[in-house]
Amino acid sequence: MPDVAQITVAPERAAQLTRLIRATGTETRTTVSPLSGADVATIPVSTDQDVLDAFAAARVAQLTWARTSLRRRKKALLRLHDLVLKHQDELLDLVQLESGKARAHAFDEVLHTALTGRYYGRRLARILGPHRRGGVYPVLTSVRQHQRPKGVVGLITPWNYPLSMALVDGLAAVAAGNAVVHKPDSQAPLTALAIIELMYRAGFPKDLWQVVSGAGSVIGSAIIANADYICFTGSTATGKRIAAQCSERLIGCSLELGGKNPMIVLPGADVEKAVEGTVTAAFSSAGQLCVSIERIYVHESIYARYRDALAERLSHLAFGANADWEVEMGTLVSPAQLATIEKHVADALDHGATLVSGGRARPDIAPWFHEPTVLEDVPPAALCFAEETFGPLVSLYPYRSVGEAVQAANSTVYGLNASVWGPTRRARKVAERLRAGTVNVNEGFAATFGSIGAPMGGMKESGTGRRQGAEGLLRFTETQSIGVQRLMPVSGPAFLSRRTFRSLLTVGLGLLRRLTTRA
Ligand code: NAD
């Protein structure tokens, strides 16, 4: 079995990748792998001037790129799809090295990235148009809707999905004709750099995607001060700060933020399947996934059976901090993440919660590993009742009526993702009552997340805007309508008086409405 010693990056390769960062100063920082606690690489830190230079270069590149044919952009997107699959071994190593997740979960990122390239490659022309729109008068007015790129998009990404979160939003931005100035998270820059290197090889011009590095609180403001649009993925607290800064400049932003995602298990659900689904929904990437399930509402008729089956399943979950494909849960990314889950567990127990499974840190597996943990009897006063843990911690709640479960599921400030288990028709009806941007029936998150055609994003404090689908591309564009008037002005021909024209038009519109639409 491959072990932790086999997941490394050669110093020369790390140095080659870090040269892609625009950084001229002398400051550096060292990244640490959660697999072992060992140093990974020395990363140069960008100065404010580097950020300005990145924007200047990106602006020049964008002007040319915006004029390139959609055919050429399509070719680059599809080539990227192929390159990601071809070079997946290095990408998988880097994702694991920098995030600590299991190899199978790292592969989810490879898939998500490749599929996004394919989706936009195939749909670009259809989504961007131009599209014909009806004019005031048929034939006489012709209107076309065009989608113009915003310009230079500031992209700020988190560490938890260091490959796909680094790429998929920015990929839509460049597909739409923009340039990108990107600040990957300081924890996982090499993964981001490796995929950006593949973008250049796929045919995207080098200056089109600029990378800067440093603390978000320091260079984040310089990015927002210079961008034409901001695309941010991260916590709700940071998202609110970014939204305030964007509003001062009147630039748009899409914010993909946190969640406290609920699952409802209906009476009549297949308990074994729901338990298996819970393992994936709550513990993939050690629960450090924005769409991860953290609250589970189970009908009282099956509650005890579900709880005991979940505890039994977790008692033999395969843990590990290595490259074994059969590992079912990897480690947390940092001491800070471990501290949060330990705090949430201790606080819940102090408030009278009961431990169903897990509950301990396991430094014998990796320095910041924490067991998948299940609690019940969690009272509203406990931190983990409504606050995002962003770790492998779920709370179980029995319910009597479906209305009660729906109300509880909708009761937090978040609205990112939800899951419903049960007979399909019934579960779909319940799904429609949930206030979440994505709802998965008999799945945790992958049914919607894996559908690149389906928009994904948050309601309420889980964000604004959507990634994926047409919306994921259109957010990076300005809509421009160009109307061409032929033969006579919209106000009517010169030989008719305004009064006569008004009467004719009123009769015409009445007829048209009856001919084209039924009441
Ligand atoms: P975070 O908000 O601390 O950091 C995210 C990114 O923002 C990092 O690159 C960071 O350097 C940067 N940043 C921090 N302060 C900034 C500032 N003032 N200005 C500009 N940039 C700044 O979040 P995190 O802890 O790295 O990520 C975990 C959070 O992200 C969780 O809440 C999770 O739910 C959320 N998330 C959401 C999605 C989604 O699609 N909705 C996906 C992944 C993660």
Side-chain angles (χ1 to χ4, degrees), residues 29 31 43 45-46 48 51 98-99 101 108-109 112 116 154-170 172 181-189 191-192 211-227 230-246 248 253-261 284-294 332-341 387-391 412-417 436-438 445 448-449 455-468 472:
R29 64 181 300 282
T31 55
I43 310 294
V45 173
S46 307
D48 277 359
V51 178
E98 293 192 315
S99 75
K101 67 179 65 182
D108 291 345
E109 296 202 46
H112 191 219
T116 303
L155 177 67
I156 301 173
T157 59
W159 46 263
N160 67 322
Y161 261 51
L163 178 65
S164 73
M165 290 298 112
L167 190 85
V168 296
D169 292 307
V181 173
H182 178 196
K183 192 205 84 60
D185 190 87
S186 313
Q187 167 65 34
T191 312
V211 188
V212 290
S213 117
S217 50
V218 182
I219 62 168
S221 299
I223 294 175
I224 299 165
N226 289 281
I230 290 291
C231 176
F232 170 79
T233 304
S235 63
T236 295
T238 309
K240 284 181 180 177
R241 276 198 290 278
I242 288 178
Q245 285 176 271
C246 288
E248 296 216 340
C253 56
S254 56
L255 305 167
E256 308 282 346
L257 309 176
K260 185 75 188 174
N261 308 302
S284 288
S285 297
Q288 300 166 117
L289 171 57
C290 54
V291 287
S292 217
I293 296 298
E294 295 196 1
L332 292 167
V333 76
S334 63
Q337 285 296 112
L338 177 61
T340 304
I341 181 167
E387 263 185 37
E388 182 183 42
T389 305
F390 212 55
T412 71
V413 295
Y414 296 111
L416 188 60
N417 180 49
T438 50
F445 55 77
T448 50
F449 199 32
M456 186 229 145
M459 295 184 185
K460 300 191 275 180
E461 293 199 8
S462 287
T464 60
R466 295 289 181 268
R467 67 161 53 100
Q468 304 191 165

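For ligands, and for the atoms within them, numbers begin at 1 and follow the listed sequence.
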Return the closest protein heavy atom for atom 23 (O) of ligand 1 as residue, atom name and distance. Ser235 N, 3.3 Å

Pairing donors with acceptors under 3.5 angstrom, does anything connect the side chains of Ser221 and Gln245? yes

Are any non-hydrogen side-chain atoms of Tyr414 and Asn261 less than 4.5 angstrom apart? no

Is there a polar contact between ligand 1 and Ser221, counting only N or O atoms under 3.5 Å apart? no

For Glu98 and Thr191, test the side chains for any donor-to-acceptor distance below 3.5 angstrom and give the result as yes or no. yes

Thr157 contact mode with ligand 1 (heavy-atom cut-off under 4.0 Å): backbone

Asp185 and ligand 1 - part of the residue with a heavy-atom distance under 4.0 Å: both

Provide, to 0.1 Å, the distance between atom 26 (O) of ligand 1 and the closest protein heavy atom, together with that atom's residue and name. Trp159 NE1, 3.0 Å

So if I count the atoms of ligand 1 from 1 in the order they appear, which ones are less than 4.0 Å from some heavy atom of Thr233? 5 (C), 37 (C), 38 (C), 39 (C), 40 (O), 42 (C), 43 (C), 44 (C)

Measuring from non-hydrogen atoms of Gly458 to any atom of ligand 1, is the shortest distance under 4.0 Å? no

No-hydrogen, no-angle side-chain donor-acceptor test under 3.5 Å, Arg467 and Thr233: yes

In ligand 1, which numbered atoms sit nearer than 4.0 Å to a non-hydrogen atom of Thr238? 1 (P), 2 (O), 3 (O), 13 (N), 14 (C), 15 (N), 16 (C), 17 (C), 22 (C)

Just by distance, do the side chain of Ser46 and the backbone of Ser213 share a donor-acceptor pair under 3.5 Å? yes

Where the closest heavy atom to atom 36 (N) of ligand 1 is concerned, which of Ala237, Cys290, Gly239 has it? Cys290

To check your reading of the model: name the closest protein heavy atom to atom 35 (C) of ligand 1, its residue, and the distance in Å. Gly234 O, 3.0 Å

Tell me which part of Ile224 gets within contact of ligand 1: side chain, backbone, both or neither, using heavy atoms under 4.0 Å. neither

With heavy atoms and a 4.0 Å threshold, my read on which part of Leu257 contacts ligand 1 is backbone

Side chain of Ser292, backbone of Gln288: donor and acceptor closer than 3.5 Å? no

Specify the closest pair of heavy atoms between Lys183 and Gly216, including all atoms of both residues, with the distance to one decimal. CE-CA, 3.7 Å

Under 3.5 Å donor-acceptor, Ser462 side chain and Gly415 backbone: yes

Considering only the protein, which heavy-atom contact is closest to atom 27 (O) of ligand 1, and what is its distance? Pro158 CB, 3.8 Å

Does any N or O in the side chain of Lys260 come within less than 3.5 Å of the main-chain N or O of Glu388, such that one atom is a donor and the other an acceptor? no

Students should be able to answer this: which protein heavy-atom is nearest to atom 22 (C) of ligand 1, and at what distance? Gly216 CA, 3.4 Å

Determine whether a donor-acceptor pair (N or O, by modelled atom type, separation under 3.5 Å) exists between the side chain of Thr389 and the backbone of Gly391. no

Do any N/O atoms on Ser462 end up under 3.5 angstrom from N/O atoms on ligand 1? no

May I ask you to list the atoms of ligand 1 that are less than 4.0 angstrom from any heavy atom of Ile156? 6 (C), 7 (O), 9 (O), 12 (C), 20 (C), 21 (N)

Near Asn160 (heavy-atom distance under 4.0 Å), the atoms of ligand 1 are 43 (C), 44 (C)

Mark yes or no for whether Gln337, through its side chain, and Leu332, through its backbone, hold a donor-acceptor pair below 3.5 Å. no

Can you tell which of Lys240, Glu388, Gln187 gets a heavy atom nearest to atom 31 (C) of ligand 1? Glu388

How are the rings of Trp159 and Phe390 set relative to one another: parallel (under 30°), tilted (30 to 60°) or perpendicular (over 60°)? perpendicular

Heavy atoms only, cut-off 4.0 Å: how does Phe390 contact ligand 1, side chain, backbone, both, or neither? side chain

Of Val211, Leu155, Val212, the residue whose pairing with Pro184 passes side chain to side chain contact (heavy atoms under 4.5 Å, CB included): Val211

Enumerated ligand 1 atoms positioned under 4.0 Å from heavy atoms of Leu416: 41 (N)

Would Lys183 count as being in polar contact with ligand 1, using the rule that some N or O on each side must be under 3.5 angstrom apart? yes

Considering only non-hydrogen protein atoms, determine which one is nearest to atom 7 (O) of ligand 1 and report residue, atom name and distance to 0.1 Å. Phe232 CE1, 3.1 Å

Say whether Arg467 and ligand 1 are in contact under the criterion: heavy-atom distance to a ligand atom below 4.0 Å. yes

